[in-house]
*Asks:* 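Pasting a structure below so you can have a look.
From a predicted model like this one, the values you see are computed outputs, not experimental measurements.
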Amino acid sequence: MSVNKVILIGNVGRDPEVKYPDKNLCVARVALATSERARTLPNGTQVPERTEWHNLVFWRGLAETVEKYVHKGDRLYIEGSLRGTSYDDQNGVKHYRTEIHVDTMEMLTPRGAGSAQSATPSAAVPGPAQPQPQPMQADGMSQNSDSNDALPF
């Protein structure tokens, strides 16, 4: 058995690049940045902030949603799978690229925040149904739990 699954939360680096290879097919490409904060190790070593860039590819209806609602600066949650591609440039040099083909996306940027063009609600978009997380308290109990149901006896 093998698994090829990627889960990312990050910020869109530039407006999506959208193409229609034929009239019934939409493809959108997005650059997504994920960052680790700068920190100081216990021994005093300074670790600088580190940003990784990810190449996302959206297809069909999900790509059309990206075209309408996703803009530079927006925060996204995505799930997808890794795919390696290669191409030869004009000089015959082979280039390799790793892409994430997105299956599920959730827009995390609040309405009215982020880019000036973004006027969409924070909502899940087409993809497999996702369970809604319940807010958790520090003790691990759901805030929505009935107090009698949370008792272990």
Side-chain angles (χ1 to χ4, degrees), residues 1-41 45-111 113-115 117-145:
M1 181 169 108
S2 61
V3 176
N4 181 357
K5 179 140 182 137
V6 176
I7 299 174
L8 296 173
I9 296 176
N11 296 311
V12 176
R14 63 178 178 269
D15 284 339
E17 174 186 315
V18 180
K19 294 183 179 175
Y20 287 84
D22 67 46
K23 66 179 182 175
N24 297 323
L25 180 64
C26 182
V27 180
R29 295 182 181 279
V30 172
L32 189 79
T34 57
S35 298
E36 293 179 27
R37 291 185 175 167
R39 63 187 188 281
T40 303
L41 299 177
T45 304
Q46 297 287 326
V47 179
E49 180 176 309
R50 182 175 138 188
T51 300
E52 294 287 334
W53 287 94
H54 310 278
N55 302 305
L56 307 182
V57 179
F58 299 84
W59 294 91
R60 296 176 182 74
L62 198 52
E64 292 170 3
T65 300
V66 166
E67 179 180 29
K68 291 178 188 174
Y69 301 113
V70 174
H71 305 284
K72 178 180 179 178
D74 288 346
R75 191 158 182 79
L76 299 179
Y77 167 90
I78 64 99
E79 293 182 18
S81 57
L82 287 175
R83 299 224 183 137
T85 61
S86 64
Y87 64 94
D88 295 327
D89 67 12
Q90 301 172 24
N91 301 323
V93 177
K94 191 172 218 65
H95 294 268
Y96 297 93
R97 178 180 177 111
T98 301
E99 299 174 330
I100 299 166
H101 286 239
V102 179
D103 301 317
T104 303
M105 173 185 72
E106 187 166 336
M107 301 172 72
L108 302 177
T109 302
R111 190 183 308 199
S115 69
Q117 300 171 6
S118 182
T120 180
S122 221
V125 252
Q130 297 296 317
Q132 294 301 314
Q134 294 294 321
M136 299 299 279
Q137 298 173 345
D139 63 1
M141 299 287 225
S142 172
Q143 292 176 352
N144 296 336
S145 296

*Asks:* Is a side-chain N or O of Asp15 found less than 3.5 angstrom from the main chain of His71, in a donor-acceptor match?
*Replies:*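 No, Asp15 side chain to His71 backbone: no donor-acceptor pair under 3.5 Å.
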*Asks:* Taking atom CZ of Arg75 and atom CG of Leu108, what is their separation to the nearest 0.5 Å?
*Replies:*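 One finds 6.5 Å between CZ of Arg75 and CG of Leu108.
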*Asks:* Working to the nearest 0.5 angstrom, can you tell me the gap between Leu32 CG and Leu8 CG?
*Replies:*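 Reported to 0.5 Å precision, the distance equals 6.0 Å.
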*Asks:* To check you understand the geometry: which heavy-atom pair defines the closest contact between Glu49 and Glu36, and what is its length?
*Replies:*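 Closest pair (atom of Glu49, atom of Glu36, distance): CG-O, 3.1 Å.
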*Asks:* Taking atom OG1 of Thr51 and atom CZ of Arg37, what is their separation to the nearest 0.5 Å?
*Replies:*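 Going from the OG1 atom of Thr51 to the CZ atom of Arg37 covers 12.0 Å.
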*Asks:* Could you state the interatomic distance from CD (Glu99) to CZ (Arg83), rounded to the nearest 0.5 Å?
*Replies:*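 The CD atom of Glu99 sits 9.0 Å away from the CZ atom of Arg83.
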*Asks:* Going through the checks in order, is the side chain to side chain contact (heavy atoms under 4.5 Å, CB included) test met by Trp59 and Val102?
*Replies:* CA-CA 8 Å; Trp59 294 91; Val102 179; over 6 Å; no
*Asks:* Atom NE2 of His95 and atom OG of Ser86: how far apart are they, to the nearest 0.5 Å?
*Replies:*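 Rounded to the nearest 0.5 Å, the NE2-OG separation comes to 10.5 Å.
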*Asks:* Any side-chain heavy-atom pair from Met105 and Leu56 closer than 4.5 angstrom?
*Replies:*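 They are not in contact (no side-chain heavy atoms under 4.5 Å apart), so the answer is no.
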*Asks:* Would you say the side chain of Leu82 lies within less than 4.5 Å of the side chain of Ile100, judging by non-hydrogen atoms?
*Replies:*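 Side chain of Ile100 against side chain of Leu82, heavy atoms only: contact under 4.5 Å found.
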*Asks:* Identify the heavy atoms of Thr109 and Gly73 that sit nearest to each other, and give their distance.
*Replies:*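 Closest heavy-atom pair between Thr109 and Gly73: OG1-O, 4.5 Å.
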*Asks:* Can you name the nearest heavy-atom pair linking Ser81 to Asp103, along with the distance?
*Replies:*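 That closest heavy-atom pairing would be N-OD2, 4.4 Å.
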*Asks:* What are the two closest non-hydrogen atoms of Ile9 and Thr34, and how far apart are they?
*Replies:*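 What the structure gives for the nearest pair is O-CG2, 3.4 Å.
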*Asks:* Minimum heavy-atom separation for Met107 and Tyr69, please, with both atom names.
*Replies:*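 Heavy atoms of Met107 and Tyr69 come nearest at CE-O, 3.4 Å.
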*Asks:* So, taking the atom named SG in Cys26 and the one named CD in Glu64, what distance separates them when rounded to the nearest 0.5 Å?
*Replies:*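 Nearest 0.5 Å value for the SG-CD distance: 5.0 Å.
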*Asks:* Examine distances only and state if a side-chain atom of Asp89 and a backbone atom of Asn91 form a donor-acceptor pair shorter than 3.5 Å.
*Replies:*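 Yes, Asp89 side chain to Asn91 backbone: donor-acceptor pair under 3.5 Å.
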*Asks:* Step by step, would you call Val18 with Phe58 a side chain to side chain contact (heavy atoms under 4.5 Å, CB included)?
*Replies:* CA-CA 9 Å; Val18 180; Phe58 299 84; over 6 Å; no
